[in-house]
Amino acid sequence: MPELPEVEITRRGLLPDLAGKRVSALVVRQARLRYPVPPDLAQRMVGRVLAGVERRAKYLLFDFVDGVLLAHLGMSGSLRLVPTGAPLDKHDHVDIVFGSRALRLHDPRRFGALLWLTPPAQHHPLLAHLGVEPLSEAFTPQWLHRATRGRSAAIKQVLMDSRVVVGVGNIYASESLFRAGIDPRTPARRLSAARCARLVPAVKQTLEAALAAGGSSLRDFVHSDGSPGYFQQQYYVYDRDGQPCRKCAGTVRSLRQGNRSTFYCPRCQR
DNA sequence: CTGGTCACCTGGAAGC
DNA sequence: TGCTTCCAGGTGACCA
């Protein structure tokens, strides 16, 4: 499920319940995730107090005094708080136990990750080369214009390049380009300053809207079982091939870019 | 450096 | 009904 909004919603849901709590146990049932769960993770974490939870790109960073637990949800991961010892579902791979409650990682496809980073965490290879946060003030039209010079790849693929801007996945890349009225196949270097001035706010608005929608189902997202990640979220184009465009009543089309599906409205996006 | 392709893994839906 | 094929929200490795 997770693109940036889902990861941020998870972070906001966990923070008030877990900040200041001490890890009492770690249970690893399946260590084979994207990277192996470190064998010494329990030694690192048990007995330590969680100081806070941050997010960088789609990574969740659980801060402890002497290190950081990095979590990534991959394509299918979720983190939920459950009563300690709650019945297990298939693919419930790891429990981080905080006394009477446990943070449970569920991830059918196992593209997610749990790693221990020693300070300075931002120097870790997974974090060191990440681009700008799309919801930060650093993500400006001028910045995007400069970053796309010399890039012949399609703007949709550049939007999804985490060395440029982080957190924009396959759904929100299509949605953002629709909002901006830009053809996803446009070579990035050919985006004018004026088009960058449309695209940057479109990305921010798309992510903010998803955050607002997810926020309304936050309780379910974190606490209950198998809850939907989205609260009746309506997409403009994603997964709507052949259906009428919500703006012009033309027909939404799909194509493949770099082995990923792209959805767009040929009339609204040029 | 860039851009293109593939692999990792499981499960659900569609096709036959 | 059962088997096969395709597809899925991410991202790093590998190649030219």
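Reminder, nothing fancy here: chain letters follow the sequence lines and each chain counts from 1.
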Going by side-chain hydrogen bond (donor to acceptor under 3.5 Å, both in side chains), name the residues that satisfy it together with [X], two or more places apart in sequence or in a different chain.
X	answer
A:D63	none
A:R163	A:D161
A:S136	none
A:R256	A:S261

| message | In whole Å, I'd like the distance from the CG atom of A:L159 to the P atom of B:dG3. | response |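 In whole Å, B:dG3 P lies 13 Å from A:L159 CG.
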
| Nucleotide C:dA8, atom C1' - distance to CZ of A:R110 in whole Å |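 Spelled out: CZ on A:R110 to C1' on C:dA8 is 17 Å.
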
| request: State plainly whether the residues A:D66 and A:R48 are in salt-bridge range, i.e. N to O under 4.0 Å. | output: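 Answer for the salt bridge query: yes.
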
| Under a 4.0 Å N-O cut-off, is there an ion pair linking A:E8 with A:R12? |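 Yes.
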
| field | Under 4.0 Å protein heavy-atom contact, by nucleotide of nucleotides 10-16 of chain C - B base, S sugar-phosphate only | value | BBS----

Check residues 35-47 of chain A and write down every donor-acceptor pair under 3.5 Å in which the side-chain atom is one partner and the other belongs to a residue at least two apart or another chain.
residue	atom	partner	partner atom	Å
A:D40	OD2	A:R44	NE	3.3

| said: Quick check on B:dG3: is either OP1 or OP2 less than 4.0 Å from any side-chain nitrogen or oxygen of A:S152? | reply: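 Yes, A:S152 has a side-chain N/O under 4.0 Å of OP1/OP2 on B:dG3.
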
| said: Is A:Y172 close enough to C:dG9 that one of its side-chain N or O atoms is under 4.0 Å from OP1 or OP2 there? | reply: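 Negative; the distance criterion is not met.
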
Are there any protein N/O atoms within less than 3.5 Å of an N/O atom in nucleotides 11-15 of chain B, and if so, which ones and at what distance?
residue	atom	partner	partner atom	Å
B:dG11	OP1	A:K90	NZ	3.0
B:dG11	OP1	A:H91	NE2	2.7

Return a table of donor-acceptor pairs under 3.5 angstrom between the side chains of residues 108-124 of chain A and protein atoms on other chains or two or more places apart.
residue	atom	partner	partner atom	Å
A:R110	NH1	A:R32	O	2.9
A:H124	ND1	A:L126	N	3.0

| note | Dot-bracket assigned to DNA chain B with the 3.5 Å Watson-Crick/G-U criterion, [ ] for crossing and | for other-strand pairs, is .|||||||.|||||||

| Residues forming a side chain to side chain contact (heavy atoms under 4.5 Å, CB included) with A:A153, sequence neighbours excluded |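 Applying side chain to side chain contact (heavy atoms under 4.5 Å, CB included) to A:A153 gives A:V158.
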
| Roughly how far apart, to the nearest Å, are C:dG9 and B:dG3 at atom C1'? |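 Result for the C1' pair: 23 Å, nearest Å.
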
Using a cut-off of under 3.5 Å, enumerate the N/O to N/O pairs linking the protein to nucleotides 4-6 of chain B.
none

| said: Strictly by ring-ring contact (aromatic ring centres under 6.0 Å, His included), give each pair with a member in residues 243-263 of chain A just once, sequence neighbours left out. | reply: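 Found A:Y238-A:F263.
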
